[in-house]
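Read through the structure below, which is laid out as structure tokens, and then see the notes.
It should be emphasised that the depicted structure is a prediction, and the values quoted were computed from it without experimental measurement. Every number for a ligand or one of its atoms is a count from 1 in the order of the listing.
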Amino acid sequence: MRIGVLGAGNMADALATQWARKGHEVRFGARTPAKAVALAERTGHGAAGGTLREAAEFGDVVLLAVWYDGVQDVLREAGPLGGRVLIDCTNPMEPPFETLKTDGGPSAALRIADASGGARVVKAFNLCHESVWRMTPPAFGGRPLGVPLCGDDAEALAVVRELVADLGCVPMDGGGLARAGLLEAATAFMVGLWFAGEDPAAMIPPPEYSGGAPQLTSQ
Ligand SMILES: NC(=O)c1ccc[n+]([C@@H]2O[C@H](COP(=O)([O-])OP(=O)(O)OC[C@H]3O[C@@H](n4cnc5c(N)ncnc54)[C@H](OP(=O)(O)O)[C@@H]3O)[C@@H](O)[C@H]2O)c1
């Protein structure tokens with residue numbers, strides 16, 4: 001696949017490095033193109049770097065990996081993404097994680113879809129720290145990490161499922177894009193627990209105690 005990456009920070013690095021290793025063509029774009037070029041050099045595997053617009057135009061799939069406050073400017077700079085698969089890994093929050101920056105309004109994912117000029121948005125990869133996305137593979141206790149996806153377009157979801165599998169993770173059906181706000185809120189709550197020194201995993205009982213048959217993933 002041709003993957004354009006908007007952003008040249010930790011998430012751009014963690015995810016796109018994995019995909020480049022798997023043989024995908026990667027082009028990074030950043031508001032400071034030199035940062036995208038430097039990241040491409042570190043990534044290797046033929047990755048290139050340049051402007052946000054170049055990365056957006058390059059990708060059949062585009063990863064949006066910038067801070068929430070920069071999302072609208074970055075999408076404006078990237079230009080219309082009509083028809084593209086746009087992966088939104090953003091989290092509209094910052095320490096101390098008491099509220100979401102979306103402030104009770106539409107989710108970040110829905111705002112991104114609105115501003116994207118018709119991209120097929122899939123919310124994914126926002127739940128875990130960037131260090132997890134660098135693992136080869138991300139697996140804990142012998143169990144591959146599940147990655148919830150929220151999106152409305154079946155073809156776009158199939159593409160992102162493939163990219164999840166490329167990391168060695170297992171995609172999970174998180175429902176439509178309207179549910180992305182729940183995923184954003186759940187992430188903020190979980191990160192808040194981590195920052196408070198708690199272990200969020202301890203509050204989730206095994207599936208047999210959750211009212212349904214145990215099911216590892218959507219696959
Ligand atoms: N870090 C994590 O563990 C993690 C995990 C899951 C999701 N996320 C989400 O992923 C996104 C990226 O996080 P990250 O960890 O990759 O951050 P990062 O390493 O700080 O990189 C942020 C990127 O966003 C760009 N950016 C920031 N503010 C901007 C603005 N106002 N206008 C244009 N570009 C701007 C930065 O450009 P400059 O270099 O020019 O500043 C940089 O390319 C965030 O939404 C974050 O919430 C992060």
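- The shortest N or O to N or O distance between Thr90 and ligand 1 is not below 3.5 Å.
- Closest to atom 1 (N) of ligand 1, if we only count protein heavy atoms, is Glu130 CG, 3.6 Å.
- Within the 4.5 Å cutoff, no side-chain heavy atoms of Val170 are placed close to those of Val147.
- Scanning the protein heavy atoms around atom 5 (C) of ligand 1, the nearest turns out to be Cys128 O, 3.1 Å.
- For atom 11 (C) of ligand 1, the nearest non-hydrogen atom from the set Val66, Leu75, Asp69 comes from Val66.
- Residue-ligand proximity, Ala8 to ligand 1, at heavy-atom distances under 4.0 Å covers atoms 43 (O).
- Under a 3.5 Å cut-off, the side chain of Ser107 and the backbone N or O of Leu110 do form a donor-acceptor pair.
- Between the side chain of His24 and the backbone N or O of Met1, at least one donor-acceptor pair lies under 3.5 Å.
- Of the listed residues (Ala188, Ala65, Ser131), the one carrying the non-hydrogen atom nearest atom 23 (C) of ligand 1 is Ala65.
- Summary of contacts: the protein heavy atom closest to atom 37 (O) of ligand 1 is Arg31 NE, 3.6 Å.
- Distances below 4.0 Å separate heavy atoms of Val74 from the following atoms of ligand 1: 33 (C), 34 (N).
- Under a 3.5 Å cut-off, the side chain of Glu184 and the backbone N or O of Ala109 do form a donor-acceptor pair.
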Could you check Leu15 against Leu167 for side-chain contact (heavy atoms from CB on, under 4.5 Å), going step by step and ending with a plain yes or no?
CA-CA 8 Å; Leu15 290 168; Leu167 298 182; 3.8 Å; yes
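- Ring centroid separation for the pair Trp19 and Phe28 does not come in under the 6.0 Å cut-off.
- When hydrogens are left out, the protein atom nearest atom 9 (C) of ligand 1 is Cys89 O, 3.3 Å; that is the closest non-hydrogen contact.
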Worked check of side-chain contact (heavy atoms from CB on, under 4.5 Å) between Cys89 and Trp133
CA-CA 12 Å; Cys89 73; Trp133 303 122; over 6 Å; no
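- Ranking the protein heavy atoms by distance from atom 39 (O) of ligand 1 puts Lys35 NZ, 2.8 Å first.
- Here the side chains of Leu81 and Val62 are in contact, with some heavy-atom distance below 4.5 Å.
- Near Gly70, with a cut-off below 4.0 Å to any heavy atom, the atoms of ligand 1 are 29 (C), 30 (C), 31 (N), 32 (N).
- Those atoms of ligand 1 that come under 4.0 Å of a heavy atom in Gly7, given as number and element, are 43 (O).
- Residue-level proximity to ligand 1 for Met93 is absent, since no heavy atom of it falls below 4.0 angstrom.
- The closest heavy-atom contact to atom 19 (O) of ligand 1, among the options Asn126, Val5, Leu15, Asn10, comes from Asn10.
- How far CG of Leu6 is from CZ of Arg31: 13.0 Å, rounded to the nearest 0.5 Å.
- Among all protein heavy atoms, the one lying closest to atom 21 (O) of ligand 1 is Gly9 CA, 3.3 Å.
- Numbered from 1 in the order shown, with element, the atoms of ligand 1 that lie under 4.0 Å from a heavy atom of His129 read 3 (O).
- Regarding atom 20 (O) of ligand 1, its nearest protein heavy-atom neighbour is Trp67 NE1, 2.7 Å.
- The shortest separation from a heavy atom of Thr32 to ligand 1 is under 4.0 Å, placing the residue in contact.
- At the shortest separation from atom 16 (O) of ligand 1 among protein heavy atoms lies Met11 N, 2.8 Å.
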